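Here's the structure we're looking at; comments come further down.
Please read all numbers here as calculations on a predicted model, not as lab measurements. We name chains A, B, ... by the order of the sequence lines, and we start the count at 1 in each one.
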There are 2 protein chains.
Amino acid sequence: MFTQSEENYLKAIFQLQEEIEGGISTSSLSEKLETKAASVTEMLKRLSDKELVDYQKYYGVQLTESGRKQALLIVRKHRLWEYFLVERLNFNWDEVHEVAEQLEHIKSPKLVEELDSFLGRPEYDPHGDPIPDKHGKLPKSPTKKLSQLKLGDHGICKGFNDNSSAFLQFLDKQNIGLHTPIEVLHIETFDESMTIKIAQREVLLSKTATDNIYIDNIATEA
Amino acid sequence: MFTQSEENYLKAIFQLQEEIEGGISTSSLSEKLETKAASVTEMLKRLSDKELVDYQKYYGVQLTESGRKQALLIVRKHRLWEYFLVERLNFNWDEVHEVAEQLEHIKSPKLVEELDSFLGRPEYDPHGDPIPDKHGKLPKSPTKKLSQLKLGDHGICKGFNDNSSAFLQFLDKQNIGLHTPIEVLHIETFDESMTIKIAQREVLLSKTATDNIYIDNIATEA
DNA sequence: TATAATATTTAGGCAAACCTAATTATTTAT
DNA sequence: ATAAATAATTAGGTTTGCCTAAATATTATA
Ligand SMILES: [Mn+2]
Ligand SMILES: [Mn+2]
Ligand SMILES: [Mn+2]
Ligand SMILES: [Mn+2]
């Protein structure tokens with residue numbers, strides 16, 4: 001059994017590994033977990049002793065098979081609870097993260113299994129992020145960003161890179177949500193901002209915004 | 001905001017105060033929380049500094065108004081989660097305690113309110129224990145023990161003093177549950193054991209058992 | 001009432017998880 | 001290649017929450 005802190009580190013390492021390949025630096029963990037670098041170094045030594053990570057001083061850290069398995073379980077719990085909060089308890093998608101951050105540490109294999117079954121074994125959380133199954137297998141998720149689409153392309157929003165409350169509330173305001181169909185109406189050349197059609201309305205999005213939106217079911221205009 | 005450990009102490013003091021009047025002793029807390037007396041003394045000093053308890057060295061401890069309010073919230077969360085686990089997630093009543101022991105520490109006022117509403121604002125948990133409402137008000141619960149009934153009395157099981165897995169499984173085996181109607185068929189004079197009628201079957205219960213079963217809707221035979 | 005038994009507190013330690021400041025290793029720039 | 005800048009680690013502290021052993025207060029008993 002692991003402490004909450006150990007679990008938070010494992011999850012953070014896992015998430016950084018999804019973005020960056022190679023060893024994860026002390027400073028990136030320090031930033032993600034909002035702790036000082038010295039605290040990270042200390043914890044990495046502990047995780048290394050428990051064989052959850054491969055850690056080489058000065059050269060970063062990577063999950064072992066055992067560490068990855070554990071990280072996937074925490075991600076699974078986090079996302080199942082988020083789904084529960086939104087779909088059953090009337091939470092908005094921008095209010096679930098904090099609470100799921102606590103609930104993900106509840107230890108009870110039966111609880112995870114029964115919750116999953118109660119929810120109908122969902123594949124994606126309220127932010128479109130894939131929920132690992134019992135064996136740690138992740139359903140596939142879209143890799144194309146809105147910023148990569150061409151003029152006239154159609155598609156459907158399937159995920160977001162930034163799950164901050166601020167970004168999610170911005171999306172709410174623009175009527176952009178999971179499964180929202182969109183069409184690229186115009187691309188500004190000098191700053192790559194895009195004009196998008198969403199449910200009859202035209203919306204202007206910055207490159208920063210379009211970089212954080214994942215699109216699937218892409219169809220190019222005939 | 002309080003630590004998990006502080007919350008566990010507050011709840012333990014609250015529960016001992018329900019049973020015993022007057023100051024709660026260090027040793028009774030030590031036993032209930034399975035920690036050493038020295039650790040209890042230390043924590044009582046901390047809780048006293050935070051004005052959650054009135055503590056007088058050598059003469060026990062009592063909750064302040066603020067401490068009682070906090071304890072009631074933890075009890076509320078514990079019992080709501082137990083209800084959720086049994087009524088929605090197919091847990092048996094003897095498997096919920098451990099998990100609720102963890103879930104009761106999740107901090108989110110919205111979660112408590114929405115969970116309560118989702119569950120239909122239940123008044124009693126799966127063991128018949130009363131669930132405090134939002135304001136800390138407890139619905140009334142039966143005070144008569146089965147051991148206090150007379151020959152020929154009828155009644156309905158409404159709660160249990162011992163929520164241990166062992167006792168609950170014993171009750172399952174005897175087909176005794178919440179809301180089960182019973183009738184006193186015989187009382188043995190020398191050891192106060194009772195023969196009870198439960199759904200056509202006759203069951204013999206020791207004084208230890210009948211002392212741990214609460215009965216309501218008592219009707220004396222005409 | 002003095003003494004023995006019991007309960008409680010104090011003293012001193014330890015591990016987890018954080019911190020700041022100082023040191024050392026690595027990387028970048030001249 | 002050396003020096004400067006940056007990143008990471010080590011050293012030394014702190015708080016929480018637990019422990020054992022020793023000291024002290026309370027309660028029971030003779
Ligand atoms: Mn967390
Ligand atoms: Mn999410
Ligand atoms: Mn608890
Ligand atoms: Mn209960």
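Counting any heavy atom pair closer than 4.0 Å across all strands shown, A/S39 reaches a base atom. A/F2 comes within 4.0 angstrom of nothing in the nucleic acid, heavy atoms only. At the heavy-atom level, B/T35 lies under 4.0 Å from the strands shown only through sugar-phosphate atoms.
One finds a side-chain N or O of A/T3 lying less than 4.0 angstrom from the OP1 or OP2 phosphate oxygen of C/dA17. Within the 4.0 Å cut-off from OP1 or OP2 of D/dT26, at least one side-chain nitrogen or oxygen of B/Y59 is found. OP1 and OP2 of D/dT16 both lie 4.0 Å or more from every side-chain N or O belonging to B/R46. Put simply, A/T41 has a side-chain N or O that comes within less than 4.0 Å of OP1 or OP2 on D/dT9. An OP1 or OP2 oxygen of D/dA23 is reached within less than 4.0 angstrom by no side-chain nitrogen or oxygen of B/Y58.
Nearest to the side-chain atoms of B/E42 among the listed nucleotides D/dT9, C/dA17, D/dC18 stands D/dC18. Residue B/S27 has its side chain nearest to C/dT8 when only C/dT8, C/dT20, C/dT27 are considered. Side-chain proximity of A/K36 to the nucleotides C/dC19, C/dT9, D/dT9 is greatest for C/dC19. Distances from the side chain of A/Y55 to the nucleotides D/dA25, C/dT10, D/dA8 place D/dA8 closest. In the set C/dA16, D/dA21, D/dA8, D/dA21 carries the atom at the smallest distance from any side-chain atom of B/A38. Side-chain proximity of B/T26 to the nucleotides C/dC18, C/dT9, D/dA8 is greatest for C/dT9. The side chain of B/S25 lies closest to C/dT8 when the candidates are C/dA17, C/dT8, C/dA25.
B/Q62 places no side-chain N or O within 3.5 Å of a backbone atom of B/Y55 that could act as its donor or acceptor partner. Checking side-chain atoms of B/S66 against main-chain N and O of B/L52 turns up no donor-acceptor pair under 3.5 Å.
As rounded to whole Å, 15 Å separates atom C1' of D/dC18 from atom CG of B/L47. Here D/dT16 presents its P atom at 14 Å from OH of B/Y9, a figure rounded to the nearest Å. In this entry the distance linking CG of A/D49 with P of C/dA15 reads 13 Å, nearest Å. When rounded to the nearest whole Å, the span between CD of B/Q4 and C1' of C/dA17 equals 15 Å. A/L29 places its CG atom 10 Å from the P atom of D/dA8, with the value rounded to the nearest Å. One interatomic measurement links the two molecules: CD of B/E34 to C1' of D/dG17, which rounds to 16 Å at whole-angstrom precision. C/dA16 atom P lies 9 Å from atom CE of A/M43, rounded to whole Å. The distance between atom CG of B/L44 and atom C1' of D/dG17, rounded to the nearest whole Å, is 13 Å.
Taking the six-membered ring where tryptophan is involved, the planes of A/W81 and B/W81 are perpendicular, since the angle between them exceeds 60° and thus also 30°. Using bins of under 30°, 30° to 60° and over 60° for the plane-to-plane angle, the ring pair A/F167/A/F160 lands in the perpendicular bin.
Geometric assessment of A/R88 against the ring of A/Y83 yields a negative cation-pi assignment under the 6.0 Å and 45° thresholds.
A/H127 has its ring centre no less than 6.0 Å from the ring centre of A/H97.
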